[in-house]
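Heads up: the structure comes next, in structure tokens.
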Amino acid sequence: MKAVRLTGIGQLDYTDRHRPFAGPGDVLVRVEAAGLCGSDRHMVKGEYPTALPVTLGHEFCGIVEAVGEGAGRLNVGDRITADPNIACGACPSCRDGRPNLCDHLTAIGVFRDGGFAEYVAIPEGQAHLLPAGLDPRHGAFSEPLACCLHALDLAAIRPGMSVAILGGGVIGLLMVQLARLAGATTVVLSTRQQSRRDLALTMGATYAEMPDRVGAVVPNGVDVVIECAGVPETFAQSIALARKGGTVVIFGVTPKGATIPVEPFDILTREIQLRAAWLNPLTHARAAALVASGALALDPLITRVIGLADLPAMLAAAPAQGEVKTIILPGER
Ligand SMILES: [Zn+2]
Ligand SMILES: [Zn+2]
């Protein structure tokens with residue numbers, strides 16, 4: 001089978017591999033669609049730890065082709081989406097119901113072979129059913145959506161609230177839709193790219209602004225700010241944009257080691273609630289259900305569809321202007 005492997009920092013191979021098999025407790029999945037994530041580019045550059053060599057791809061859906069010994073919840077022919085994050089189930093965080101903080105967390109497409117391949121073997125417990133009639137390109141959104149749902153849970157948006165979303169990539173644009181579904185009546189999206197601002201307005205944002213213009217459209221601040229840019233300056237801005245008693249959810253991944261000045265007195269006396277949303281603890285099933293429901297506009301987020309052969313060049317390059325989500329169809333040649 002064909003696969004795209006990270007063999008060293010900055011080194012990607014489009015290569016032939018033996019098809020994996022479904023070991024005990026595993027299912028073998030024929031990958032129908034996989035999403036290219038910003039983290040994949042960080043992994044290529046060595047900015048995020050991975051196994052080497054490894055087949056990347058942690059956002060994917062596909063069809064169960066074989067069921068290993070001891071696995072039996074799924075059947076051959078089922079369409080599934082994989083939760084890539086595998087927790088140990090036994091460490092203090094896992095026993096506390098917080099698998100995203102597992103001491104022994106490992107991930108498909110990061111520390112073991114993932115979905116940038118024609119086939120992948122995964123533990124059956126990581127798989128969540130999708131409808132037979134679903135567009136597989138939509139199924140590939142389940143993983144980023146599951147991470148967004150964790151942030152949304154922490155944001156605790158109630159109907160009628162105002163929300164600012166900083167960052168207009170695929171995450172920010174999903175958050176716009178989720179904030180509206182949660183009942184927010186004011187949703188401001190902040191991003192530098194005009195095409196993304198235009199897209200946000202079609203997805204329910206009430207305002208889409210350049211970062212330096214956001215404060216002007218919500219002069220009294222907002223109930224909830226979700227930082228999806230992963231930029232230190234945006235982190236600082238998110239605190240400033242929260243109204244008194246407001247909530248700031250940190251979602252974007254800032255470079256490790258980056259710091260910003262904060263004023264504890266301001267956070268204290270305005271009682272700003274700072275919350276961090278990391279990964280997708282126990283939210284993947286809900287994400288699969290939401291994708292299956294068709295409640296989200298996903299097609300407008302897909303800006304390119306490619307085969308595996310074109311993936312290495314795409315991964316090695318910076319995101320193109322206007323790029324939101326690239327979907328890989330491993331079955332395409
Ligand atoms: Zn990702
Ligand atoms: Zn654990």
Side-chain angles (χ1 to χ4, degrees), residues 4 6 12 31 33-51 54-62 81-117 120 122-123 125-126 128 137-152 167-175 178 226-230 250-256 276-284 287-288 291 298 301-304 311 314-315 319 323-328:
V4 170
L6 183 67
L12 288 159
V31 182
L36 194 164
C37 170
S39 329
D40 294 314
R41 287 194 169 104
H42 287 298
M43 291 175 211
V44 171
K45 287 196 263 180
E47 295 166 351
Y48 191 95
T50 67
V54 71
T55 300
L56 296 178
H58 58 273
E59 306 178 356
F60 59 91
C61 83
T81 157
D83 173 357
N85 296 304
I86 305 174
C88 77
C91 75
S93 294
C94 282
R95 289 159 65 105
D96 206 22
R98 306 183 75 177
N100 56 326
L101 305 180
C102 173
D103 289 341
H104 311 286
L105 197 66
T106 186
I108 300 164
V110 183
F111 291 104
R112 51 182 281 165
D113 289 344
F116 292 162
V120 59
I122 63 169
Q126 300 303 121
H128 296 263
R137 298 173 311 156
H138 295 177
F141 280 87
S142 304
E143 196 275 345
L145 186 61
C147 297
C148 291
L149 288 181
H150 181 43
L152 203 76
V170 65
I171 294 295
L173 293 167
L174 286 172
M175 291 286 198
L178 292 171
I226 307 178
E227 202 287 329
C228 307
I250 301 307
F251 187 92
V253 183
T254 47
K256 198 173 177 204
W278 178 237
L279 305 179
N280 58 343
L282 310 177
T283 53
H284 206 96
V291 166
L298 300 174
L301 301 177
I302 302 173
T303 43
R304 262 191 96 170
L311 180 57
M314 190 105 191
L315 269 171
E323 180 178 332
V324 180
K325 194 67 169 176
T326 296
I327 295 288
I328 298 100

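We number each residue from 1, following the sequence as shown. Whatever order the structure lists ligands and atoms in, that order sets their numbers, starting from 1. Just so it is clear, the structure is predicted and the values come from calculations on it, not from any experiment.
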Checklist outcome for this item: The SG(C91)-the Zn ion (ligand 2)-SG(C102) angle, to 10°, is 110°

Checklist entry - Is any N, O or S atom of C37 under 2.8 Å away from the Zn ion (ligand 1)? => result yes

Checklist entry - So, do Q126 and I86 sit near enough that their side-chain heavy atoms are less than 4.5 Å apart? => result yes

Item to check | Closest contact, heavy atoms only, G35 versus A140 | outcome: N-CB, 4.0 Å

Checklist entry - What heavy-atom pair brings L36 and F116 nearest, and what distance separates the two atoms? => result CA-CZ, 4.2 Å

Checklist entry - If you stand at the Zn ion (ligand 2) and look out to SG of C94 and SG of C88, what angle do those two lines make, to 10°? => result 120°

Next on the checklist: Looking only at N, O or S atoms, which one in E59 sits nearest to the Zn ion (ligand 1)?
Outcome noted: OE2

Checklist entry - With sequence neighbours excluded, what pairs up with N100 under the side chain to side chain donor-acceptor pair (under 3.5 Å) test? => result none

